[in-house]
Amino acid sequence: MQDHADWMALALREAEKAFDKGEVPIGAVVIHQGRIVGRGHNMMETLQDPTAHAEMLAITSAANTLASWRLEGCVLYVTLEPCIMCMGAILLSRIPTIVFGAQDPRYGACGGAIQLAQHERIDVHTNVIRGVAEAECSELIRRFFQQVRREKTSRRDAG
């Protein structure tokens with residue numbers, strides 16, 4: 001059986017695909033019984049769709065693979081703490097465990113900005129494992145935004 005770091009490495013590969021497309025580099029994989037059943041990376045810019053987050057695409061892919069919206073027995077690995085929208089989809093799809101890399105203090109819904117994974121008023125909960133490959137996940141995001149700022153400065157200086 002693979003461990004969390006191995007599965008997160010696959011989510012990081014998805015994040016690198018997003019990076020290469022000029023998307024915020026977030027990647028996700030859904031694992032069921034030791035195999036990948038869903039994967040995704042941010043595609044918001046490519047699809048011009050505000051819901052095209054890595055988690056949403058991976059959840060849809062997993063539901064299609066398993067022919068069920070109930071993803072009980074699955075584990076979601078994602079490079080950045082899920083946002084409120086993604087957390088809603090995670091809870092509604094019944095994913096029992098989330099493993100994430102970097103914390104998101106701005107939009108994170110697993111304790112970063114708000115806690116929805118174990119919220120007392122919601123009748124479905126999910127276990128959260130934080131900080132797996134955190135340095136690598138954070139570094140990829142940092143490099144992306146550093147590159148965006150450099151490009152913006154270059155365009156400003158050229159114009």
Side-chain angles (χ1 to χ4, degrees), residues 1-21 23-47 49-141 144:
M1 183 174 149
Q2 293 185 302
D3 68 6
H4 294 315
D6 293 334
W7 293 120
M8 187 62 76
L10 298 174
L12 270 163
R13 280 195 215 147
E14 288 295 317
E16 289 164 359
K17 291 177 187 177
F19 186 102
D20 292 343
K21 292 176 182 176
E23 298 274 358
V24 176
I26 301 167
V29 294
V30 178
I31 308 303
H32 182 258
Q33 297 179 348
R35 69 182 181 100
I36 295 176
V37 294
R39 63 177 74 224
H41 55 273
N42 268 7
M43 297 278 290
M44 286 177 56
E45 296 297 331
T46 302
L47 298 176
D49 179 353
T51 69
H53 289 199
E55 302 95 310
M56 300 295 281
L57 298 172
I59 289 167
T60 298
S61 175
N64 288 333
T65 299
L66 298 173
S68 177
W69 64 268
R70 290 181 179 270
L71 300 180
E72 296 160 337
C74 291
V75 179
L76 172 69
Y77 289 84
V78 61
T79 57
L80 183 68
E81 179 181 0
C83 71
I84 295 167
M85 174 183 68
C86 293
M87 198 62 229
I90 291 162
L91 291 169
L92 291 172
S93 65
R94 309 300 196 266
I95 294 175
T97 304
I98 304 166
V99 180
F100 73 82
Q103 189 169 351
D104 185 354
R106 192 168 170 199
Y107 295 111
C110 297
I114 190 168
Q115 174 54 269
L116 294 180
Q118 299 289 326
H119 196 281
E120 65 203 32
R121 301 219 28 206
I122 300 173
D123 67 347
V124 178
H125 297 120
T126 187
N127 297 314
V128 178
I129 299 169
R130 299 167 170 76
V132 175
E134 183 175 11
E136 296 92 328
C137 295
S138 296
E139 175 61 18
L140 187 60
I141 293 169
F144 175 79

>> So Glu136 and Met8, do their side chains get closer than 4.5 Å, heavy atoms only?
In response: no
(request) Could you check if a side-chain atom of Lys21 sits within less than 4.5 angstrom of a side-chain atom of Met43, using non-hydrogen atoms only? (result) yes
Heavy-atom donor-acceptor pair, [X] side chain to [Y] backbone, under 3.5 Å:
X: Asn42; Y: Met44; answer: no
X: Glu81; Y: Gly101; answer: no
X: Thr65; Y: Gly38; answer: no
X: Thr126; Y: Pro96; answer: yes
X: Gln33; Y: Arg35; answer: no
X: Arg39; Y: Val37; answer: no
X: His125; Y: His119; answer: yes

[X] and [Y]: which non-hydrogen atoms are nearest, and at how many Å?
X: Val128; Y: Ala117; value: CG2-CB, 3.5 Å
X: Leu12; Y: Ala133; value: CD1-CB, 4.3 Å
X: Gly34; Y: Trp7; value: O-CH2, 3.5 Å
X: Leu91; Y: Leu116; value: CD1-O, 3.7 Å
X: Gly40; Y: Ala58; value: N-CB, 3.8 Å
X: Ala18; Y: Pro25; value: CB-CA, 3.9 Å

Applying side-chain contact (heavy atoms from CB on, under 4.5 Å) to Asp49 and not counting sequence neighbours gives Leu47, Thr51, Ala52
Applying side-chain contact (heavy atoms from CB on, under 4.5 Å) to Glu134 and not counting sequence neighbours gives Ser138
Quick check for you: to the nearest 0.5 Å, what is the distance between [X] atom [atom1] and [Y] atom [atom2]?
X: Ile31; Y: Tyr77; atom1: CD1; atom2: OH; value: 6.5 Å
X: Ile98; Y: Glu55; atom1: CD1; atom2: CD; value: 8.5 Å
X: Tyr107; Y: Ile114; atom1: OH; atom2: CD1; value: 13.5 Å
X: Leu71; Y: Ile95; atom1: CG; atom2: CD1; value: 5.0 Å
X: Ile36; Y: Cys74; atom1: CD1; atom2: SG; value: 12.0 Å
X: Leu66; Y: Glu72; atom1: CG; atom2: CD; value: 11.0 Å

Below 30° counts as parallel, above 60° as perpendicular, anything between as tilted: where do the rings of Phe144 and Phe19 land? perpendicular
message: Check this for me, if you would: do Glu16 and Arg13 make a salt bridge, where the nitrogen-to-carboxylate-oxygen distance has to be below 4.0 angstrom?
response: no
Practice problem: Under the side-chain contact (heavy atoms from CB on, under 4.5 Å) rule, what do Met56 and Met85 come out as? Steps first, then yes or no, please. | Solution: CA-CA 9 Å; Met56 300 295 281; Met85 174 183 68; 4.0 Å; yes
Just jot down the side chain to side chain donor-acceptor pair (under 3.5 Å) partners of [X], sequence neighbours excluded, or say none.
X: Glu23; value: Thr46
X: Glu139; value: Arg142
X: His53; value: none

Decide side-chain contact (heavy atoms from CB on, under 4.5 Å) for Glu14 and Thr79; before the verdict, give the C-alpha distance in whole Å, the side-chain angles of both, and the deciding distance to 0.1 Å. CA-CA 9 Å; Glu14 288 295 317; Thr79 57; over 6 Å; no
Has Asp20 got more than 12 heavy atoms of other residues, nucleotides or ligands less than 6.0 Å from its CG? yes
Report task. Show your working on side-chain contact (heavy atoms from CB on, under 4.5 Å) between Trp69 and Arg94 and close with a plain yes or no. Result -> CA-CA 8 Å; Trp69 64 268; Arg94 309 300 196 266; 3.9 Å; yes
Next item on the list: Check the pair Val124 / Leu92 against side-chain contact (heavy atoms from CB on, under 4.5 Å), numbers first and verdict last.
Entry: CA-CA 8 Å; Val124 178; Leu92 291 172; over 6 Å; no
Quick note, salt bridge (Lys or Arg N to Asp or Glu O under 4.0 Å) partners involving residues 103-119, not counting sequence neighbours, are none
